[in-house]
Amino acid sequence: MSLQATRRPPAQRQARAVRLGPRSVTALALVSAVGVAGFGWPFLAPPTSRLSAHAQDAPWLFAGVLVLLVAVVAAAISESGLGPKAVAMLGVLAATGAALRPIGAGTAGIEPMFFLMVLSGRVLGPGFGFVLGSVTMFASALLTGGVGPWLPFQMLAMGWFAMGAGLLPGPDRLRGRAELAMLAGYGFLAAFAYGTVMNMAGWPFMSALASNVAFDPHAPVASNLARFVAYCLATSLGWDLGRAVVTVVLTLTLGPAVLRALRRATRRAAFETPVTFDTAGK
């Protein structure tokens with residue numbers, strides 16, 4: 001057998017529905033920075049800060065700011081190449097994710113939408129993943145009636161969740177069991193990270209007199225960090241574990257078929273091929 005017959009064709013460069021340009025990266029960094037401040041202000045503000053005195057106003061303040069910044073990021077990414085084919089793909093995946101979210105809602109963290117966000121972000125890239133995660137969470141909130149001051153935090157956290165899958169190594173060459181194992185491992189860890197981040201959005205607004213795990217604005221950072229860890233272990237560990245296990249199981253069982261379908265659709269859509277019009281016949 002000749003060397004030419006055994007040589008494999010080079011791996012094709014994977015298409016991306018959204019390419020992140022400098023302006024999109026800047027906007028995404030800005031919204032992420034505000035999100036970090038919105039989630040982590042109890043650990044960033046000193047005990048003597050006036051910010052703690054206005055803690056009850058924080059959800060509404062950051063909700064309005066985050067909605068505006070997510071809209072800015074979506075607009076910037078759309079200007080960098082979110083064409084009609086990518087919009088159609090975004091709509092289909094967001095609708096599917098929104099429909100999956102109510103399945104098992106309220107039952108031990110059974111949330112199948114997370115595995116779809118991981119696989120979509122992997123195939124379509126971090127830019128598309130961030131937009132998809134945010135839009136999916138917004139659509140699912142409208143579907144389930146979960147609209148409230150927590151929604152922008154959920155949109156941002158899910159955007160990070162899906163974007164992270166698009167930043168994993170080897171998008172053009174890694175395939176098969178190794179890729180599935182990597183995606184399953186990422187989904188497991190990211191499911192816990194999502195739950196922890198969302199705990200930070202609501203934990204500071206518990207009354208410190210109601211529980212010894214609530215945020216105490218007069219306590220040092222180390223003490224509040226210990227309280228927060230105890231709060232996560234006591235309230236959400238079981239839910240986060242259920243979400244993580246479901247994400248891993250669905251990724252390993254349905255992942256190969258879903259990845260093939262997404263990659264086939266991406267190749268046929270040819271997102272990066274410019275649209276031209278034939279005027280020769282005029």
Side-chain angles (χ1 to χ4, degrees), residues 17-18 20 24 27-39 58-80 82-106 109-166 187 190-191 193-202 239 243 247 262:
V18 175
L20 291 177
S24 300
L28 185 53
L30 178 61
V31 72
S32 296
V34 174
V36 169
F39 282 116
W60 300 104
L61 173 62
F62 284 111
V65 172
L66 287 177
V67 167
L68 293 176
L69 287 177
V70 169
V72 169
V73 172
I77 293 177
S78 67
E79 291 177 358
S80 67
L82 191 64
K85 291 180 288 187
V87 171
M89 177 77 78
L90 175 65
V92 170
L93 291 175
T96 304
L100 287 175
R101 190 184 180 194
I103 298 176
I110 300 176
E111 297 177 282
M113 69 173 290
F114 281 80
F115 101 99
L116 180 62
M117 298 297 103
V118 171
L119 301 184
S120 300
R122 171 65 173 176
V123 173
L124 293 161
F128 189 93
F130 183 84
V131 176
L132 175 63
S134 300
V135 172
T136 301
M137 190 57 70
F138 180 77
S140 65
L142 296 179
L143 182 64
T144 60
V147 178
W150 54 84
L151 177 58
F153 294 96
Q154 290 178 325
M155 292 170 61
L156 184 57
M158 186 58 71
W160 286 339
F161 182 97
M163 182 180 68
Y194 175 87
T196 302
V197 167
M198 289 310 304
N199 284 340
M200 293 180 66
W239 188 277
R243 180 192 301 117
T247 302
L262 287 173

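Numbers for residues simply follow the sequence, beginning at 1.
The CZ atom of Phe138 sits 12.0 Å away from the CG atom of Leu143 when rounded to the nearest 0.5 Å. Atom OG1 of residue Thr136 and atom CG of residue Leu90 lie 7.0 Å apart, to the nearest 0.5 angstrom. A distance of 5.5 Å separates CD in Glu111 from CH2 in Trp239, rounded to the nearest 0.5 Å.
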Take Phe153 and Val197 through the test side chain to side chain contact (heavy atoms under 4.5 Å, CB included) and record every step on the way to the result. CA-CA 9 Å; Phe153 294 96; Val197 167; over 6 Å; no
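Side-chain atoms of Ser140 come within 3.5 Å of backbone atoms of Met137 as a donor-acceptor pair (strictly under, hydrogens ignored). Side-chain atoms of Ser134 never come within 3.5 Å of backbone atoms of Leu156 as a donor-acceptor pair (strictly under, hydrogens ignored). Listed for the Arg243 side chain is a donor-acceptor partner under 3.5 Å among the backbone atoms of Ala191.
Residues Met117 and Leu132 have side chains in contact (heavy-atom distance under 4.5 Å, counting atoms from C-beta outward). When side chains are defined from C-beta on, Leu93 counts as touching Leu124, because their heavy atoms get closer than 4.5 Å. For the pair Phe114 and Met158, the minimum side-chain heavy-atom distance is below 4.5 Å. The shortest distance between side-chain heavy atoms of Phe128 and Met89 falls below 4.5 Å.
Across every non-hydrogen atom of Gly97 and Leu116, the tightest pair is N-CD2, 3.8 Å. Contact between Gly129 and Ala162 at its shortest, heavy atoms only, is O-CB, 3.1 Å. Scanning both residues, Phe161 and Val118, for their nearest heavy atoms gives CE2-CG2, 3.3 Å.
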